[in-house]
Amino acid sequence: MYKRTLTGFTAAALMLGAASAQAEVDLEQGKQLNNQVCMACHGPKGISQTPDWPSHAGQHSDYIVHQMELFRDQNRWDPQGLMTENAVGLSDQEIRSVAAWLEDQTPPGPREVDEELASRGESIYHAGIPEKDVASCASCHGPNGEGVPGAQFPAVAGQHKPYLSQSLHGFKSEERQSDRNRMMRDTAGRMSEDEIEAVSAYMASMEHPEAEAE
Ligand code: HEC
Ligand code: HEC
């Protein structure tokens, strides 16, 4: 009798747990997870000190959640093999919580880049390369590189140039996977090496509208 009641209680508690995991994000849990795990590579406030590794401060949480799920399910290319092992084992609730906490942090400011290179990248970013049928990056990543929340179009302003150019190469070689990456594969696939370097320099130098003034 006692046993049966206990089993019933446990099942009810588990169901409740599952229902609330669907519902809410927990910013405190997100911050703790960041400090325990993510910070070592992505910085204490989501700003990475390593040029090959991305910053997430101010990044849209829906984009972060989606990329974490891709890593967790081993559907996104991970050149150094560092992310997949950190995403495996995280629950949906943990992923949503850390993503929400990261979105709340102040985005990175503009990076110092080769100005001549960035000025060539500027026109690609805003106007695309019409003769190669490369669309304007601004149409999806925003006029100030701020991305589009809710559409999984990531912010790119102030991201490290080496990470940006590595990502574009990943799309071009079709190694970087996503269920929606035709958008980027077609774009990057038509760009030359030099165009990728130029537009990456420009994105790194852009000032995110919510970045703190230096
Ligand atoms: C051991 C280092 C390491 C740790 C720890 C780590 N990451 Fe990463 N993370 C990386 C690297 C390297 C990449 C870039 C992979 C690539 O080039 O595609 C990355 C990429 C990402 C991306 C994709 C960013 C984008 O703009 O597409 C997200 C999101 C992310 N990490 C979130 C996290 C979160 C959240 C945690 C903590 C739970 C975490 N990472 C822990 C190294 C790490
Ligand atoms: C039609 C919309 C669209 C256009 C146009 C577009 N992008 Fe993207 N971009 C996306 C989407 C969606 C993603 C996320 C793909 C994924 O899920 O991996 C992305 C991802 C990226 C990333 C990876 C960011 C990160 O944090 O890892 C870079 C870099 C990038 N785009 C640069 C560009 C550049 C440069 C151009 C213009 C030459 C451009 N994009 C044009 C939609 C677009």
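Just so you know, ligand 1 is whichever comes first in the structure, and atom 1 is the first atom listed for that ligand.
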Please identify which atoms of ligand 2 are closer than 4.0 Å to at least one heavy atom of Cys140. 1 (C), 2 (C), 3 (C), 4 (C), 5 (C), 42 (C), 43 (C)
Ligand-residue contact atoms, ligand 1 with Cys41, heavy atoms, under 4.0 Å: 1 (C), 2 (C), 3 (C), 4 (C), 5 (C), 42 (C), 43 (C)
Tell me whether Met183 has at least one N, O or S atom under 2.8 Å from atom 8 (Fe) of ligand 2. no
Atoms of ligand 2 under 4.0 Å from any heavy atom of Ser167, numbered from 1 in the order shown, are 27 (O)
Provide, to 0.1 Å, the distance between atom 8 (Fe) of ligand 2 and the closest protein heavy atom, together with that atom's residue and name. His141 NE2, 2.0 Å
For Pro154, state whether at least one heavy atom is located under 4.0 Å from any atom of ligand 2. yes
Looking only at protein heavy atoms, identify the closest one to atom 29 (C) of ligand 2 and say how far it is in Å. Leu164 CD2, 3.7 Å
Nearest non-hydrogen protein atom, atom 42 (C) of ligand 1: His42 NE2, 3.7 Å
Compute the minimum heavy-atom distance from Gln67 to ligand 2 and say whether it is under 4.0 Å. yes
Enumerated ligand 1 atoms positioned under 4.0 Å from heavy atoms of Arg176: 27 (O)
May I ask you to list the atoms of ligand 2 that are less than 4.0 angstrom from any heavy atom of Gln152? 12 (C)
Main-chain N/O of Leu168 paired to Arg176 side chain as donor or acceptor, under 3.5 Å: no
Does ligand 2 have any atom sitting under 4.0 Å from a heavy atom of Tyr125? no
Nearest heavy atoms of Pro44 and Asn34, plus distance in Å: O-ND2, 3.1 Å
Among protein heavy atoms, which lies nearest atom 33 (C) of ligand 2, and at what distance? Met184 CE, 3.3 Å
Closer than 2.8 Å to atom 8 (Fe) of ligand 1: does that hold for any N, O or S atom in Met83? yes
Between Asn144 and Pro209 (side chain of the first, backbone of the second, donor and acceptor by atom type, cut-off under 3.5 Å), is there such a pair? no
Could a heavy atom of Gln177 be found less than 4.0 Å from some atom of ligand 2? no
the protein heavy atom lying closest to atom 18 (O) of ligand 1 turns out to be Arg76 NH2, 2.8 Å
Atoms of ligand 2, numbered as shown, that sit under 4.0 Å from any heavy atom of Met203: 35 (C)
Counting each atom of ligand 2 from 1 as listed, which ones have a heavy atom of Leu168 under 4.0 Å away? 32 (C)
For ligand 1, the portion of Ala40 having any non-hydrogen atom under 4.0 Å away: neither
Quick note on ligand 2: atoms under 4.0 Å from a heavy atom of Ser136 include exactly 5 (C)
Donor-acceptor under 3.5 Å (His160 side chain, Ser48 main chain): yes
Do Gln159 and ligand 2 have an N or O pair less than 3.5 Å apart? no
Between Leu70 and ligand 2, which part of the residue brings a heavy atom under 4.0 Å of the ligand: side chain, backbone, both or neither? neither
Side chain proximity check, Tyr163 to Asp52, heavy atoms < 4.5 angstrom: no
Ligand 1 atoms nearer than 4.0 angstrom to some heavy atom of Ile64 are 29 (C)
Counting each atom of ligand 2 from 1 as listed, which ones have a heavy atom of Val199 under 4.0 Å away? 35 (C)
Got the closest protein heavy atom to atom 15 (C) of ligand 2, with its distance? Phe171 CZ, 4.1 Å
Please classify the Cys137 to ligand 2 contact at 4.0 Å (heavy-atom distances, strictly less than): side chain, backbone, both or neither. both
Identity and distance of the protein heavy atom lying nearest atom 30 (C) of ligand 1: His56 NE2, 3.1 Å
re atom 36 (C) of ligand 1, the protein heavy-atom contact at minimum distance is Cys38 SG, 2.8 Å
Atoms in ligand 2 flagged as close to Tyr63, the criterion being non-hydrogen separation under 4.0 Å: 14 (C), 24 (C), 25 (C), 26 (O), 27 (O)
